[in-house]
Amino acid sequence: MQRTTRGMMSREVTVGGHRTRVLENVLTSSEARRLPRAGDSLGDAPLIVLLHGFGDNADTWRAVLVELGRRGRRAVAPDLPGFGEASPLNRGALLPQYDAFLTDLIAELGGSRPVVVVGNSMGGTVALRAATGRPDVAAVAALAPAGLGFHRVLHVADRTLGSLVPMLRVAYRIPYPQLAVQLAVAAYYRARIAPGVVNAWRFGAGVHGMKDIRRMGALGLVLMREVEEGALDFADMAGEVVLVWGTHDEVCDVAAAQALLDHVPSARLVMLEGAGHVPQVQQPAVVADLIAALGRTGTGKEGHV
């Protein structure tokens, strides 16, 4: 099924055995004229693949998709397995499943040209795991990637959550109204992730009751274990790698980026003044500018925007 509204196309695809929804920007004729001179059609432009974070969905990239269209760049944002309208994950480790999904997605949608992979939070970790000089990936940008390190409060919350599992098993069975759960999740998003009613509600509306809270809690514990055990291998990284961090990020600690910068000569860090954990929501035009510039030579190890 395919739907197109206001310059945005939504369609269902099956990738590597997973059914999912993909958002894609639809360029106007004037936007299409800004495509690289190497070709005259939309398909000649390098595809940009946008990966959302844990608990989120492709809607987090809507504003960036529009901005990239204005810059003549074609981009897609899938619901990652286990979130949004995608089919569930299989049992076992999360990140290897997302690695395989990304590879299959690139093969399905990328055509014969290398793509640019961009991710936020968990999606940023998946993007960095693809920065190995592989021939189907031209460049990588990671916005506050979860694989480098969290603020201490997140580690404390993780340990607390683990100790509360017996109590939570009881709480999960309480039949809270779905709307109440969605409003609570949206309120959390506004308080800790990013301001704004529209994006908070989009995030909250993806939760369909306590069953989803329980499922995401279990997946979150798995992801934290994978991150703590080492989700990234700096020795394997190659090609252009850009880290993007908001100065007000309360989730992922930018200090952890230094280890990657020290080990990966081609990597650089860009700080976004005033942005939090989801810069694509708070500063979509700035993020789109950074993404559209990928593939050019960086000007230094660190910068501020």
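Excluded from the calculations below are hydrogen atoms, water molecules and symmetry mates; all remaining heavy atoms, backbone and side chain alike, are included.
With hydrogens and angles disregarded, a donor-acceptor distance shorter than 3.5 Å links the side chain of Ser266 to the backbone of Gly239. Glu226 places a side-chain N or O within donor-acceptor distance of the main-chain N or O of Leu94, the cut-off being under 3.5 Å.
Residue Asp253 holds its CG atom at 12.0 Å from CD of Gln258, rounded to the nearest 0.5 Å. Distance check: Leu232 CG to Met237 CE gives 4.5 Å after rounding to the nearest 0.5 Å. For the atom pair Met8 CE and Asn25 CG, the distance stands at 7.0 Å (nearest 0.5 Å). Remark: Ile48 CD1 to Leu68 CG distance equals 4.5 Å, nearest 0.5 Å. How far CG of Asn120 is from OG1 of Thr125: 9.5 Å, rounded to the nearest 0.5 Å. Taken from CD in Glu229 to CG in Leu95, the straight-line distance is 10.5 Å, to the nearest 0.5 Å.
Closest approach of Gly110 to Leu47, counting heavy atoms only: CA-CD2, 3.8 Å. Between Glu85 and Arg19, the shortest heavy-atom distance links the atoms O-NH1, 2.8 Å. Across Ala58 and Asp79, no two heavy atoms sit closer than the pair N-OD1, 2.8 Å. Nearest heavy atoms, Asp104 versus Gly16: OD2-CA, 3.3 Å. Smallest separation of non-hydrogen atoms from Thr247 and Gly274: OG1-N, 2.8 Å. The two residues Ala86 and Pro81 come nearest to each other via the heavy atoms CB-CA, 3.7 Å.
Note on residues 93-121: no pairs pass ring pair (Phe, Tyr, Trp, His ring centres under 6.0 Å), not counting sequence neighbours. The ring pair (Phe, Tyr, Trp, His ring centres under 6.0 Å) pairs that include a residue from residues 57-90 are Phe54-Phe83, where partners are two or more places apart or lie in different chains. Pairs passing the side chain to side chain donor-acceptor pair (under 3.5 Å) check and including a residue from residues 139-149, sequence neighbours excluded, do not occur. Here ring pair (Phe, Tyr, Trp, His ring centres under 6.0 Å) pairs that include residues 107-134, with residues two or more places apart or in two chains, number zero.
In terms of the side-chain hydrogen bond (donor to acceptor under 3.5 Å, both in side chains) criterion, residue partners of Ser121 (sequence neighbours excluded) are, by chain and number, His277. Take Val13 and apply the side-chain contact (heavy atoms from CB on, under 4.5 Å) test, not counting sequence neighbours, and it matches Arg11, Val15, Thr20, Val22. With sequence neighbours left out, Asp99 forms a side-chain contact (heavy atoms from CB on, under 4.5 Å) with Val126, Arg129. Judged as a ring pair (Phe, Tyr, Trp, His ring centres under 6.0 Å), and not counting sequence neighbours, His248 has no contacts. The side-chain hydrogen bond (donor to acceptor under 3.5 Å, both in side chains) test applied to Thr14 returns no partner, not counting sequence neighbours. A search for side-chain contact (heavy atoms from CB on, under 4.5 Å) contacts involving Asp233 returns Ala235, Asp236, not counting sequence neighbours. Taking the side-chain contact (heavy atoms from CB on, under 4.5 Å) definition, one finds that Ala285 meets it with Glu67, Arg71, sequence neighbours left out.
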Using atom types as modelled, flag every donor-acceptor pair under 3.5 Å from a side chain in residues 135-147 to any protein atom, sequence neighbours excluded.
unit_1	atom_1	unit_2	atom_2	d
Asp136	OD1	Arg134	NE	2.6
Asp136	OD2	Arg134	NH2	2.9

Practice task
Apply side chain to side chain contact (heavy atoms under 4.5 Å, CB included) to the pair Leu269 and Val254, showing each step before the final yes or no.
Solution key: CA-CA 9 Å; Leu269 171 65; Val254 68; 4.1 Å; yes

Problem - Audit row: Leu290, Leu272, side chain to side chain contact (heavy atoms under 4.5 Å, CB included) steps and yes/no - result: CA-CA 11 Å; Leu290 289 169; Leu272 300 186; 4.0 Å; yes

Handout entry: Chi angles and distances behind the side chain to side chain contact (heavy atoms under 4.5 Å, CB included) call for Arg73, Ile291
Key = CA-CA 10 Å; Arg73 298 301 303 273; Ile291 295 171; over 6 Å; no

Exercise for the section: Using the side chain to side chain contact (heavy atoms under 4.5 Å, CB included) rule, take Asn57 and Arg21 through it: C-alpha gap first, then chi angles, then the decisive distance, then the call. Expected result: CA-CA 9 Å; Asn57 58 64; Arg21 173 188 62 147; 3.7 Å; yes

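When side chains are defined from C-beta on, Arg268 counts as touching Glu240, because their heavy atoms get closer than 4.5 Å. With contacts defined as side-chain heavy-atom distances shorter than 4.5 Å, the pair Leu128/Leu243 qualifies.
Ion pair Glu24/Arg74 flagged as a salt bridge, since at least one NZ, NE, NH1 or NH2 atom sits closer than 4.0 Å to an Asp/Glu carboxylate oxygen.
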